[in-house]
Amino acid sequence: MLPSPLQEIWDERLGGVRLWLKRDDLIDPELPGNKWRKLAYNLPAAGRTVLTFGGAYSNHIRAVAAAGRRFGFGTIGVIRGEERLPLNPSLAFAVARGMRLTYLDRTTYRRKHEPDVTAALRERFGDFHLIPEGGANAAGVRGCAELPAEIDVDHDVVCCPCGTGATLAGIATGLAPGRRAVGYAVLKGASFLDEEVRRWTDARDWRVELDFHFGGFARTPPELAAFADDFTERHGVELERVYVAKMLYGIYARPPGKRVVAVITDRPFP
Ligand SMILES: *Cc1c(COP(=O)(O)O)cnc(C)c1O
């Protein structure tokens, strides 16, 4: 399972830049890469049920459901918005792994971590171990901080895609001296990420790249799709498009170093 493999990519379009893929997408067929790293220190004590939050297409929801089945704890997924049937493949997967789903309207969902909302959830579901949305907390950062030590090639920079920034904060925390981390924001207008990442790490050798969001979360304009298809054809690696393809596009467009490790945080789903 860990360490995940490191794969060098040979591509003349990179000029003299060396590129390795850190294949976290291969960590486990059921536990999505960086979500598994974030969960490793977030698992509940024996016998406790986990409750967590996510959008209807959340990779984190899928990861928690799979971990619950694998390690034998109950799971409750609190989903943003209205129930839609039939369930999409992400939620159908979660239910198939034993997750119980419930829904919060968007206004309440925005306040999901506030005491009155969690109190209402406890009233309804009894005692639970709460994991925040995206597995983004100090324990999640700690899990991701173990990644850099697995890299056994000489490199200048480690790149990852950024949603909440917890993965970037972890990687920055675990970097060897003299190395840098670059996160590629997949949300439009994600300048909040600098402050988020600073809350989670004292490390300083990192930055967030804001220029490759391609219009916002889950947008895949033709230029990005063409890049991802071409990459798959050349290198035989399928690129997840919400996060991974945007990072790799950014690395090709503007290489952040001479020896670059790119973390492939997950595979396409379904
Ligand atoms: C959730 C996710 C990320 C973002 O991780 P954060 O820690 O929230 O920044 C990156 N890649 C994939 C595939 C993800 O599912």
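Read the numbers this way: they start at 1 and go in the same order the structure lists the ligands and their atoms.
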Between [X] and ligand 1, which residue portion shows a heavy-atom distance shorter than 4.0 Å: side chain, backbone, both, or neither?
X	answer
Lys38	side chain
Val244	neither
Thr167	both

Would you please say whether a donor-acceptor pair under 3.5 Å links the side chains of Thr75 and Arg97?
->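 Checked: Thr75/Arg97 side chains show no N/O donor-acceptor pair below 3.5 Å.
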Under 3.5 Å, is there a donor-acceptor pair linking the side chains of Asn59 and Arg62?
->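 Looking only at side-chain atoms, Arg62 and Asn59 do form a donor-acceptor pair, the distance falling under 3.5 Å.
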At less than 4.0 angstrom from any non-hydrogen atom of [X], what atoms of ligand 1 do you find?
X	value
Cys162	9 (O)
Ala166	7 (O), 9 (O)
Asp266	13 (C)
Asn59	13 (C), 14 (C), 15 (O)

Identity and distance of the protein heavy atom lying nearest [atom]:
atom	answer
atom 8 (O) of ligand 1	Thr164 OG1, 2.6 Å
atom 10 (C) of ligand 1	Tyr243 CD2, 3.3 Å
atom 5 (O) of ligand 1	Asn34 ND2, 3.1 Å
atom 11 (N) of ligand 1	Thr265 OG1, 2.6 Å
atom 1 (C) of ligand 1	Lys35 NZ, 1.4 Å
atom 4 (C) of ligand 1	Gly163 N, 3.5 Å

Pairs involving residues 243-270, ordered by first then second residue, that meet ring pair (Phe, Tyr, Trp, His ring centres under 6.0 Å) (sequence neighbours left out) =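 The answer is Phe93-Phe269, Phe214-Tyr249, Phe217-Tyr243, Phe227-Tyr249, Phe227-Tyr252.
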When you check the gap from the basic side-chain N to the acidic O, do [X] and [Y] get nearer than 4.0 Å?
X	Y	answer
Arg18	Glu8	yes
Lys35	Asp266	no
Arg198	Glu195	no
Arg84	Glu82	no

In chain order, what residues pass the ring-ring contact (aromatic ring centres under 6.0 Å, His included) check against His113, with sequence neighbours excluded?
->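 Per chain and number, His113 pairs via ring-ring contact (aromatic ring centres under 6.0 Å, His included) with Phe53.
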So is Pro32 close enough to ligand 1, meaning a heavy atom under 4.0 angstrom away?
->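 No; Pro32 lies far enough from ligand 1 that no heavy-atom distance drops under 4.0 Å.
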Sidechain-backbone polar pair: Arg80 side chain, Ala56 backbone, donor-acceptor under 3.5 Å =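 No: the side chain of Arg80 does not pair with the backbone of Ala56.
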